[in-house]
Each structure stands twice: as structure tokens, then as C-alpha cells.
Amino acid sequence: MSKRAKKNEEAGDDEDNGTAPAAKKGKKVKEPEAPILYSDPPDKMTSKDGRAANMKITSWNVDGLRAWVKKKGLDWVRDEAPDVLCLQETKCAEKSLPDDITSMPEFPHKYWAGSDEKEGYSGVAMLCKTEPLKVTYGIGKEEHDKEGRVITAEFPTFFLVTAYVPNSGRGLVRLDYRKTWDVDFKAYLSDLDKRKPLVLCGDLNVAHEEIDLKNSKGNKKNAGFTAEEREGFSQLLAAGFTDSFRELYPEQANAYTFWTYMMNSRSKNVGWRLDYFVLSSALLPGLCDSKIRNQAMGSDHCPITLHVVV
């Protein structure tokens, strides 16, 4: 989620952040409610039909790659040991990448995309243990591709797409652009899906349903939870794709992947689920688990991990 939107997306926070009127003399002050936390359950390593997972993919919006590396993000990645690591909001030109990540022997095949016009803006990366058959950048439309938001890797049995979806911005100044993006991105994914099933991962900058954020009532006119953005995601799912986390955990509340830095939101678990693994319907039989690693620090987002048979 872009910084210009991060300052207002918790406007609907109904918790006392210091602005509530003082309690009248003699009245009992209501104790703040204890936060409802989410605990990532043990990983399921087999699909419903009994096959063992053979691909592990991790996705993380790092909110600035260089700062994330300094915060020991790579130590966590090494412990997680995914086959593919996808990063969003790298905000780092390829010439400025830290040696700590460019030299990682665990991932001999590394791919980077950044903004053509604004250095330090947007940006995605994909680091792979095995070399893809082919890697492409963008979705074939210059108005979108100049911001460095998509990398697609073709593997023998599937495509992997990592994306940093545009934020509608404070005051929804980019909502019209976002609606155009949603239509064009869905068309791009649908065309890929005709060739091979795909996994889409990344910061999709939308909390799809009310269960996907803490304060749904107060955020309906804020970036990430407008009716238009939610409908755009619904249209993507209707085109033959599935939100893997909701497929496995349809009623799980309080499971978030982003918390603003303000108001101690992370410790109170006042968050949003903005990061997803979305799968083609053909890959659903091989879905083993979709994880939210909310104990991992280093960004205002936490990483997510997919176990799948491909």
C-alpha cells in the first residue's frame, strides 16, 4: 500500500487513539478490549486428494527493499526457504540493490522491475531456485507497465505472476485509474490462463470482504475498501480464479497482512488483508495451504506463503 494512502486508511478506527473525550468525573473508565490476534496454524503439506506439496512460494511487500534488508528480512527468508520469493514495493532501482540480496546463492535466478519515471517508487522482484522457462515484465500496456508492477515467470506446468497493484490514493485520486487497471489486469491473467494455469501473488491493495479488515464500516470510502475495488476483485474471481486463503479458511476473521505504522495498529491487530495467493481453478486440487506469517517483522506488511502441488 502506498504511503500517501497509509495515513488515512485507518480513519474508521473505532478504538480510542487519544482523541476521545475524557470520561466524566465519577464514571468508570471502560477498559480497552484486549486485541484479537491471529495465530497461523501448522502448515498443511498435502492436498485434499493426498498429494504432497512440491512448490513453496513466499510473497512479501517489503515497503522498501534496502530498509527491509537492514531489518534482517533476509534472515527470515532463509529460515522460510521458499522455492520462489516474490517481493513488492521494493522502491529500489536495480543499480541500487544491496549486495546482500543480489549475491544470494539460494536464488541463482533473480528478476527485477521498477518504475521508469520515478526512482524509489513501486517495484517488484522475483527470486527463483530453478530457472523459469521465460520471464516477462508488465502486462503489455504502457500506461501500467511504466510503473514496474508485474513480473510473470513461466514454469513447465504453470505461470507465476507477482504484482503490486496500484493504490487508489488519499482522497481516491487514482480510483478511476485503478478501475482501468483492474479491467486490463483481469484480461491479462485470463489470457495467460488459457495457455497454462497460474498463481498470482502479491499486494493486491484490496480487502475483498468485511471479514478482511478490522474496521469495515469506517473504511468504505477509503482506498482498498471502496465498492469499486472490491467489485474489481470479485470480477477477477468470477473469471475462474480463487482466493486460496478464503478457499481454505472461509470464516477466519482477524487474519491480516498489513497494519499501518500509526496508533500501534499491529500490536492491536487493527489490520487489513491486502496480500493474496490467487489460483486458477485448475490448480485448486493441488492446493495444500495458504499461510499468513504475521510474526515476521521488517515491513508494515507480513509475508504470506503458499504450499501447492504443480
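Side chain of T257 to main chain of L274: a donor-acceptor pair is present (N/O by atom type, distance under 3.5 Å, no hydrogens or angles). The backbone N or O of Y38 lies less than 3.5 Å from no partner atom in the side chain of Y256, so there is not a single donor-acceptor pair. Looking at S280, its side chain never comes within 3.5 Å of a backbone N or O of A282 through a donor-acceptor pair. R266 places no side-chain N or O within 3.5 Å of a backbone atom of D300 that could act as its donor or acceptor partner. Between the side chain of S299 and the main chain of N61, a donor-acceptor pair closer than 3.5 Å is present. Although no hydrogens or angles enter the test, the distance criterion places no donor-acceptor pair under 3.5 Å between the side chain of K179 and the main chain of G232. Between the side chain of D212 and the main chain of A207, no donor-acceptor pair closer than 3.5 Å is present. A donor-acceptor pair under 3.5 Å links the side-chain atoms of S47 to the main chain of R51, judged by distance alone. Of the possible polar contacts, none joining the R293 side chain to the D40 backbone as a donor-acceptor pair under 3.5 Å is found. In this structure, D193 contributes its side chain and L189 its backbone to no donor-acceptor pair below 3.5 Å.
A salt bridge links D243 with R273: at least one charged nitrogen is closer than 4.0 Å to a carboxylate oxygen. Comment: K220 engages E210 in a salt bridge, judged by a side-chain N to carboxylate O separation of less than 4.0 angstrom. Salt bridge status for K95 with E119: present, with a side-chain N to carboxylate O gap under 4.0 Å.
Contact of the R246 side chain with the Q252 side chain is registered, since non-hydrogen atoms from C-beta on lie closer than 4.5 Å. A heavy-atom distance below 4.5 Å is not found between the side chains of N269 and K214. At least one side-chain heavy atom of W112 sits under 4.5 Å from a side-chain heavy atom of I101. Annotation: side chain of Q88 is not in contact with side chain of H301 (no heavy-atom distance under 4.5 Å). The side-chain heavy atoms of C86 and M126, taken from C-beta on, include a pair separated by under 4.5 Å. With contacts defined as side-chain heavy-atom distances shorter than 4.5 Å, the pair V84/L160 qualifies. Counting heavy atoms from C-beta on, the side chains of S267 and W259 never come closer than 4.5 Å. At a threshold of 4.5 Å between non-hydrogen side-chain atoms, the residues K141 and Y188 do not count as touching.
The two atoms that bring V309 and A52 nearest to each other are CG2-O, 3.4 Å, heavy atoms only. Of all non-hydrogen atoms in W272 and G224, the two that sit nearest each other are CZ3-C, 3.7 Å. Across all non-hydrogen atoms, the minimal contact from R66 to C92 is NE-SG, 3.6 Å. The minimum heavy-atom distance linking N167 with A223 is given by the pair OD1-CB, 3.5 Å. Taking both residues in full, the closest heavy atoms of G73 and W60 are given as O-CZ3, 4.2 Å, listed atom of the first, atom of the second, then distance. Across all their heavy atoms, T102 and L97 have their closest contact at CG2-CB, 3.5 Å.
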Checklist entry - Between L236 and F185, is a side chain to side chain contact (heavy atoms under 4.5 Å, CB included) present by the stated rule, with each step listed? => result CA-CA 9 Å; L236 176 62; F185 192 43; 5.6 Å; no
Item to check | Pair V77-E106, side chain to side chain contact (heavy atoms under 4.5 Å, CB included): steps then yes or no | outcome: CA-CA 10 Å; V77 169; E106 297 94 332; over 6 Å; no
Next on the checklist: For a salt bridge (Lys or Arg N to Asp or Glu O under 4.0 Å) check, start with the C-alpha distance between K186 and D182, then their side-chain angles and the critical distance, and finish with the verdict.
Outcome noted: CA-CA 6 Å; K186 177 169 72 76; D182 283 348; over 6 Å; no
Next on the checklist: Evaluate C201 against L306 for side chain to side chain contact (heavy atoms under 4.5 Å, CB included), listing each step before the verdict.
Outcome noted: CA-CA 9 Å; C201 70; L306 180 75; over 6 Å; no
Item to check | Trace of the side chain to side chain contact (heavy atoms under 4.5 Å, CB included) decision for R230 with V206 | outcome: CA-CA 7 Å; R230 296 169 65 194; V206 62; 4.2 Å; yes
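The structure places CD of E209 at 7.5 Å from CZ of F225, a figure rounded to the nearest 0.5 Å. If you take CZ on F107 and CG on D83, they are separated by 8.0 Å, rounding to the nearest 0.5 Å. Expressed to the nearest 0.5 Å, how far CG of L85 lies from CD of E80 amounts to 9.5 Å. Rounded to the nearest 0.5 angstrom, I139 CD1 and D145 CG are separated by 6.0 Å. Distance OG/S290 to CG/D43: 10.5 Å, rounded to 0.5 Å. Separating the CG atom in N294 from the SG atom in C302 is a distance of 5.5 Å, to the nearest 0.5 Å.
Residue-environment remark: NZ (K129) exceeds the threshold of 12 foreign heavy atoms within 6.0 Å. Heavy-atom neighbours of L133 CG from other residues, nucleotides or ligands within 6.0 Å: above the threshold of 12.
Cluster annotation: W68 is not connected to M297 through the hydrophobic network of ILVMFWY side chains, with a link wherever side-chain heavy atoms come within less than 4.5 Å. Both L283 and M55 belong to a single network of hydrophobic side chains, linked directly or stepwise wherever heavy atoms of I, L, V, M, F, W or Y lie under 4.5 Å apart. Under the 4.5 Å side-chain contact rule for hydrophobic residues, L279 and V310 share a cluster. Hydrophobic clustering (side-chain heavy atoms under 4.5 Å, transitive across Ile, Leu, Val, Met, Phe, Trp, Tyr) groups F158 together with L287. The hydrophobic clustering, which links ILVMFWY residues whose side-chain heavy atoms are closer than 4.5 Å, places V150 and I57 apart.
Ring geometry, F233 versus H208: the interplanar angle exceeds 60°, so the pair is classed perpendicular (tilted spans 30 to 60°). Using a 30° and 60° split on the angle between ring planes, F245 and Y249 fall in the tilted class, from 30° to 60°.
Ring centroids of F277 and H307 are separated by 6.0 Å or more, keeping the two rings apart.
L87 pairs in a side-chain contact (heavy atoms from CB on, under 4.5 Å) with only one of the listed residues (I151, T58, V62), which is V62. No option in E228, E229, E147 other than E147 meets the salt bridge (Lys or Arg N to Asp or Glu O under 4.0 Å) test with R174.
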